[in-house]
Q: 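So that we are looking at the same thing, I have put the structure below in structure tokens.
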There are 2 protein chains.
Amino acid sequence: MTAGPAAVSASGQEDTRTRLLATALRLFTEHGVEGTSLQMIADALGVTKAAVYYHFKTKDEITGAVAEPGLRELDLVVAEASRLRRRGAQVDHLLTGFVDIVVRHRTLVALFSRDPGVTRALTDSWATRENFSVRMMEIFTGPEGDTNRAIAAHAAITGIALTGGAPQFADLDDDTLRAHLLDVGRRLLGRPRRVS
Amino acid sequence: MTAGPAAVSASGQEDTRTRLLATALRLFTEHGVEGTSLQMIADALGVTKAAVYYHFKTKDEITGAVAEPGLRELDLVVAEASRLRRRGAQVDHLLTGFVDIVVRHRTLVALFSRDPGVTRALTDSWATRENFSVRMMEIFTGPEGDTNRAIAAHAAITGIALTGGAPQFADLDDDTLRAHLLDVGRRLLGRPRRVS
DNA sequence: GTCTATAGTCTGATAGAC
DNA sequence: GTCTATCAGACTATAGAC
């Protein structure tokens with residue numbers, strides 16, 4: 001008996017929950033959080049609305065559960081970067097970590113980079129998307145508060161997130177996408193680039 | 001009697017319509033198109049829902065009217081760029097034109113760069129946001145179909161649009177914002193940069 | 001664990017008075 | 001040109017059977 005993630009006693013439950021979250025993410029990406037109803041999620045899963053409510057008490061809870069893994073990883077990477085001594089190392093660590101999260105989650109980071117519905121749903125449970133944005137901007141921009149750097153950093157974050165989640169690049173394998181997104185970040189943040 | 005735009009015989013009407021569109025844009029930016037109800041628009045204007053319906057038959061019509069001026073200008077700039085002979089000139093014209101539109105409309109371009117509700121509302125009347133994205137990508141990326149260039153171009157478009165519409169840069173005057181956004185575009189598209 | 005049935009609210013939209 | 005009043009339908013969410 002190989003223990004699955006968080007080894008559930010009864011089988012199937014964790015699977016339905018996972019399928020539900022994957023379906024919700026897909027629909028959220030396609031129609032936006034506010035544009036996606038519980039009915040749409042239920043229909044796509046082939047179950048009823050009430051079945052969805054068995055797994056999650058509210059729609060906001062679904063939104064939170066969809067966003068959680070990405071936000072958790074992002075939180076970790078930002079914290080790690082903050083602890084580094086040299087600023088160049090901070091920027092490099094945050095950039096590579098951020099790009100890696102974008103690539104592995106694809107549409108998810110793009111979703112909460114742009115959807116007001118996600119922010120609204122998470123204002124209580126998480127410290128808001130804006131908080132991540134601010135902390136990342138501080139590291140990328142540096143203490144000087146230079147406007148040009150701030151705008152470049154903002155463009156890097158949004159550009160990487162939305163491009164990594166764009167459907168037209170969905171076919172690219174992780175390594176290829178990661179390399180190109182890193183290149184985007186290095187250009188905008190003024191970091192040394194590898195051979196392209 | 002100085003003729004206003006499209007000189008309306010009765011006064012006041014054009015003004016209410018303009019106020020309505022400005023209010024709608026603000027709310028759309030804040031809550032997303034699907035997250036904004038006609039009730040919210042009416043309340044913000046201090047009128048009733050029925051008063052809103054006097055000016056526009058449907059919500060989609062409001063969305064279309066909000067997006068129209070930006071899309072019209074974008075369409076023009078893309079067409080102008082296409083007619084140029086040298087590829088470098090095409091890229092430069094499209095970049096400066098795009099940045100200029102972003103700066104003058106601020107939140108608007110960010111809105112239809114990211115909100116699925118806008119795309120859905122305009123699938124009939126306009127040839128869809130995707131069409132603009134494709135045409136811009138063709139010019140920015142070039143005929144070779146290089147993946148690195150395509151990703152850089154996509155990041156440039158989304159990064160410029162979302163950064164230009166970001167609330168944290170709303171205080172910057174047009175010239176400053178334009179210069180920095182141009183810099184972002186030139187870095188990503190590999191165009192020569194002026195002195196920073 | 002998934003269902004039916006339904007409550008209660010809000011939506012976009014219409015008709016018609018002023 | 002803006003209002004009141006109202007519509008049918010969709011929404012989130014709940015209660016309780018199986």
Side-chain angles (χ1 to χ4, degrees), chain A residues 4 6-24 27-28 30-66 115-118 120-125, chain B residues 4 6-24 27-28 30-67 115-125:
Chain A
V8 185
S9 52
S11 65
Q13 179 182 352
E14 197 69 18
D15 207 43
T16 304
R17 199 190 138 99
T18 306
R19 272 179 60 228
L20 200 160
L21 291 179
T23 303
L27 291 171
F28 285 169
E30 215 166 319
H31 309 104
V33 172
E34 306 273 7
T36 304
S37 68
L38 294 180
Q39 188 70 68
M40 292 165 74
I41 298 175
D43 288 349
L45 275 170
V47 301
T48 62
K49 251 195 309 184
V52 172
Y53 270 105
Y54 172 78
H55 294 279
F56 299 95
K57 273 203 289 290
T58 65
K59 188 186 175 183
D60 283 358
E61 206 176 281
I62 298 178
T63 311
V66 166
D115 199 317
V118 178
R120 210 221 62 246
L122 305 186
T123 24
D124 292 335
S125 49
Chain B
V8 185
S9 52
S11 66
Q13 178 181 354
E14 198 68 17
D15 207 46
T16 304
R17 197 190 139 100
T18 306
R19 272 179 60 228
L20 200 159
L21 291 179
T23 304
L27 291 171
F28 286 169
E30 217 167 319
H31 308 104
V33 173
E34 306 273 6
T36 304
S37 68
L38 294 178
Q39 189 69 67
M40 292 165 72
I41 297 175
D43 288 349
L45 275 170
V47 301
T48 62
K49 247 193 318 180
V52 173
Y53 270 106
Y54 171 77
H55 294 279
F56 298 94
K57 273 202 291 289
T58 65
K59 188 185 174 184
D60 282 358
E61 205 175 282
I62 298 178
T63 310
V66 166
D115 200 316
V118 178
T119 316
R120 210 221 62 247
L122 306 186
T123 25
D124 291 337
S125 49

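Only a predicted model underlies this, so the values are computations on that prediction, with no experimental measurement involved. Naming convention: chains lettered A, B, ... in sequence-line order (proteins, then strands); numbering from 1 in each chain.
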Q: Is it true that a side-chain atom of T23(A) and a backbone atom of A44(A) form a donor plus acceptor pair closer than 3.5 Å?
A: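 Here the side-chain-to-backbone pair does not exist.
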Q: Measure from CZ on F56(A) to P on dT12(D) and round the result to the nearest Å.
A: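 From F56(A) CZ to dT12(D) P: 15 Å.
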Q: Take atom CG of L38(A) and atom P of dC11(D), then tell me their distance rounded to the nearest Å.
A: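 L38(A) atom CG is separated from dC11(D) atom P by 9 Å.
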Q: Starting at NZ of K59(A) and ending at P of dT14(D), how long is that distance when rounded to a whole Å?
A: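 Distance, rounded to whole Å: 15 Å.
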Q: Looking at T36(A), does any N or O in its side chain come under 4.0 Å of the phosphate oxygens OP1/OP2 on dC11(D)?
A: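 No, no such contact exists.
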Q: Could you state the CZ-P distance from R17(B) to dT2(D), rounded to the nearest angstrom?
A: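 From R17(B) CZ to dT2(D) P: 13 Å.
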Q: Rounded to whole Å, please give me the gap between NE2 in H55(A) and P in dA13(D).
A: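 The distance from NE2 of H55(A) to P of dA13(D) comes to 16 Å, rounded to the nearest Å.
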Q: Once salt bridge (charged side-chain N to carboxylate O under 4.0 Å, His left out) is applied, what residue pairs with a partner in residues 35-55 of chain A remain, sequence neighbours excluded?
A: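 Checked against salt bridge (charged side-chain N to carboxylate O under 4.0 Å, His left out) - neighbours excluded - no pair reaches residues 35-55 of chain A.
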Q: For the pair made of OH in Y53(A) and C1' in dA17(D), what is the distance, rounded to whole Å?
A: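 Rounded to the whole Å, the gap is 20 Å.
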Q: Write down the distance between CG (D43(B)) and P (dG12(C)), rounded to a whole number of angstrom.
A: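 D43(B) atom CG is separated from dG12(C) atom P by 12 Å.
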Q: Taking N or O atoms only and anything under 3.5 Å, show me the protein contacts with nucleotides 3-7 of chain C, one pair per line.
A:
residue: dC3(C); atom: OP2; partner: T48(A); partner atom: N; Å: 3.1
residue: dC3(C); atom: OP2; partner: T48(A); partner atom: OG1; Å: 3.1

Q: Roughly how far, to the nearest 0.5 Å, is CD1 of I41(B) from CG of L21(B)?
A: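 Spacing of CG (L21(B)) from CD1 (I41(B)) equals 9.0 Å.
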Q: For E61(B) and dG12(C), what is the distance between atoms CD and C1' respectively, to the nearest whole Å?
A: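 So the CD-C1' distance, E61(B) to dG12(C), works out to 13 Å.
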Q: Can you check whether Y54(B) has a side-chain N or O nearer than 4.0 Å to OP1 or OP2 of dT2(D)?
A: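 So the side-chain polar atoms of Y54(B) never come under 4.0 Å of the phosphate oxygens OP1 or OP2 of dT2(D).
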Q: Does any part of the side chain of F28(B), heavy atoms only, come nearer than 4.5 Å to the side chain of D115(B), both counted from C-beta?
A: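 No. Closest side-chain heavy atoms not under 4.5 Å.
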Q: For residues E30(B) and T36(B), determine if any side-chain heavy atom of one lies less than 4.5 Å from a side-chain heavy atom of the other.
A: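 Of all side-chain heavy-atom pairs linking T36(B) with E30(B), none is under 4.5 Å.
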Q: Taking K59(A) for the side chain and A121(A) for the main chain, is one N or O donor matched with an acceptor at less than 3.5 Å?
A: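 Such a contact is absent between K59(A) side chain and A121(A) backbone.
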